[in-house]
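What follows is a short report on a single structure.
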Amino acid sequence: MCSIAMEYLCQDQIKHMDMISPIKRGTAAVLYADKDNGVLLHETKSGAYMMSVTTHEVGEVLLRSLPGNGLFVCHQDFMLADFEAKIKPSEILENFQGAYFGSPLKTPDFMDFKPLTMGDLTMVQANYDMDLGEEYLAGRIADGELFGGYENGEMIGFIGIHAEGSMGMLRVFDNRQGKGYGAALYTNITNFQLGRGLVPFGQISTHNPVSMHLARKLGFEIGGERVWWLS
């Protein structure tokens, strides 16, 4: 069923990179796949249910099979109201999706880039503006997917990889902003993913033009359609 799912998803790789990546990493349970009608999968590390369909009729049927609460990803605007009616989310994040298909980027020589440890957990919680929860952040550190950037031994910020495989959690400390450190962190995490044989990708909030500019500057291709995360 994974091959059928990939046949559908690869018709628009950027839009579906959040679904393609878990299949390639082996963290996706494909619940439905039809090369013409769509795909429904359960991403096992994040617990997210991800759906992309060609018609509202197919989406309605698949949506009925899902639980009434949890984490969900909707890839079509015509299904958004149905998701909202079913799960009554407390939060909806509207994003564009970007992916990088190029060669490794030139790594800035002024930054050391290394995994964080559990001793950094409190610092990350204090400096990240989204409440992802201590357990989630600890899991990112335990998996070796949350990194600090250092200049002359001093941490200037951090960045990581979310449980489902997208790059994010970018934070440059206030006294270091506006000096190119965000681009340096993004470059390093992009090269890290390339080194693992993965396509680097991430979600960019529709309300965050700074992140959009940064992604484009580094060579990321941005999808023209939105993707919604509901919880």
Side-chain angles (χ1 to χ4, degrees), residues 14 17-18 21-22 25 45-46 93 95-223 227 229:
I14 298 175
M17 193 54 65
D18 57 331
S21 181
R25 293 187 303 134
K45 286 188 71 70
S46 65
L93 301 177
N95 304 307
F96 290 109
Q97 196 148 238
Y100 182 79
F101 299 99
S103 301
L105 298 166
K106 180 176 173 54
T107 303
D109 57 11
F110 59 81
M111 177 184 287
D112 293 321
F113 188 73
K114 58 185 180 182
L116 297 181
T117 69
M118 287 301 174
D120 299 307
L121 178 58
T122 300
M123 176 277 299
V124 173
Q125 286 183 283
N127 285 279
Y128 192 54
D129 57 4
M130 290 183 66
D131 184 14
L132 297 177
E134 180 176 334
E135 182 179 357
Y136 181 86
L137 293 172
R140 300 293 80 237
I141 292 174
D143 284 350
E145 295 189 334
L146 194 53
F147 298 85
Y150 301 81
E151 185 179 39
N152 298 323
E154 180 184 354
M155 186 185 293
I156 54 86
F158 53 83
I159 194 169
I161 300 164
H162 284 289
E164 92 293 344
S166 66
M167 304 184 324
M169 296 176 280
L170 174 61
R171 178 75 169 95
V172 176
F173 299 146
D174 292 343
N175 64 334
R176 296 299 193 117
Q177 292 184 3
K179 301 178 181 179
Y181 293 114
L185 286 165
Y186 218 86
T187 294
N188 275 284
I189 200 76
T190 297
N191 288 344
F192 176 77
Q193 291 291 77
L194 288 172
R196 299 203 292 179
L198 300 172
V199 175
F201 77 98
Q203 282 89 40
I204 304 167
S205 171
T206 56
H207 307 295
N208 193 338
V210 174
S211 290
M212 180 69 74
H213 175 74
L214 173 59
R216 290 189 187 280
K217 180 180 177 180
L218 293 177
F220 279 72
E221 297 181 36
I222 310 300
V227 174
W229 285 74

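The line from CG of Leu185 to CE of Met169 is 12.5 Å long, rounded to the nearest 0.5 Å. Taking CZ from Arg171 and CD1 from Ile156, the interatomic distance works out to 11.0 Å, rounded to the nearest 0.5 Å. From Trp229, atom CH2 reaches atom OG of Ser205 across 14.0 Å, with rounding to the nearest 0.5 Å. Note that CZ of Arg140 is 5.5 Å distant from OH of Tyr136, once rounded to the nearest 0.5 Å. We find the CG-CG distance between Leu137 and Leu146 to be 7.0 Å, quoted to the nearest 0.5 Å. Considering CD of Glu145 and NE2 of His162, their distance stands at 11.0 Å, rounded to 0.5 Å.
When all heavy atoms of Ile222 and Gly98 are compared, the pair lying nearest together is CD1-CA, 3.9 Å. Of all heavy-atom pairs between Arg25 and Gly165, the closest is NH2-N, 3.4 Å. Between Ile204 and Ala215, the closest heavy-atom pair is CD1-CB, 3.7 Å. The two residues Leu194 and Tyr100 make their nearest non-hydrogen contact at CD1-CE2, 3.8 Å. Between Pro108 and Thr187, the closest heavy-atom pair is CD-CG2, 4.0 Å.
Counting heavy atoms from C-beta outward, Leu170 and Phe158 have side chains that stay 4.5 Å or more apart. In this structure, the side chains of Ile159 and Met167 stay at 4.5 Å or more apart for every pair of heavy atoms. Glu154 has its side chain out of reach of Glu151: every pair of non-hydrogen atoms, C-beta onward, lies at least 4.5 Å apart. Side-chain contact check for Met212 versus Phe96: some heavy-atom pair is nearer than 4.5 Å.
Sorted by first then second residue, the ring-ring contact (aromatic ring centres under 6.0 Å, His included) pairs that include residues 164-185, not counting sequence neighbours, are Phe110-Tyr181.
With no hydrogens or angles considered, a side-chain donor-acceptor pair links Ser211 and Asn208 at under 3.5 Å. Judged by distance alone, the side chains of Ser166 and Glu164 do bring a donor and an acceptor atom under 3.5 Å apart. In this structure, a donor-acceptor pair under 3.5 Å is present between the side chains of Asp18 and Gln97.
Remark: Lys45 engages Asp143 in a salt bridge, criterion side-chain N to carboxylate O under 4.0 Å. The pair Lys106-Asp109 fails the salt-bridge criterion, with no side-chain N (NZ, NE, NH1 or NH2) lying under 4.0 Å from an Asp/Glu carboxylate O.
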Distance-only donor-acceptor hits, side chain of residues 114-125, under 3.5 Å, sequence neighbours excluded:
residue, atom, partner, partner atom, Å
Thr117, OG1, Gly119, N, 3.3
Thr117, OG1, Asp120, OD2, 3.4
Asp120, OD2, Thr117, N, 2.9

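Between Phe220 and Tyr186, the ring centre distance stays below 6.0 Å.
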### Message
Between Val227 and Gln203, does the side-chain contact (heavy atoms from CB on, under 4.5 Å) criterion hold? Intermediate values first, please.
### Response
CA-CA 8 Å; Val227 174; Gln203 282 89 40; 5.5 Å; no
### Query
Step by step, would you call Asn191 with Thr107 a side chain to side chain donor-acceptor pair (under 3.5 Å)?
CA-CA 8 Å; Asn191 288 344; Thr107 303; 3.1 Å; yes
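Ring geometry for Phe147 versus Phe113: interplanar angle under 30°, hence parallel rather than tilted (30 to 60°).
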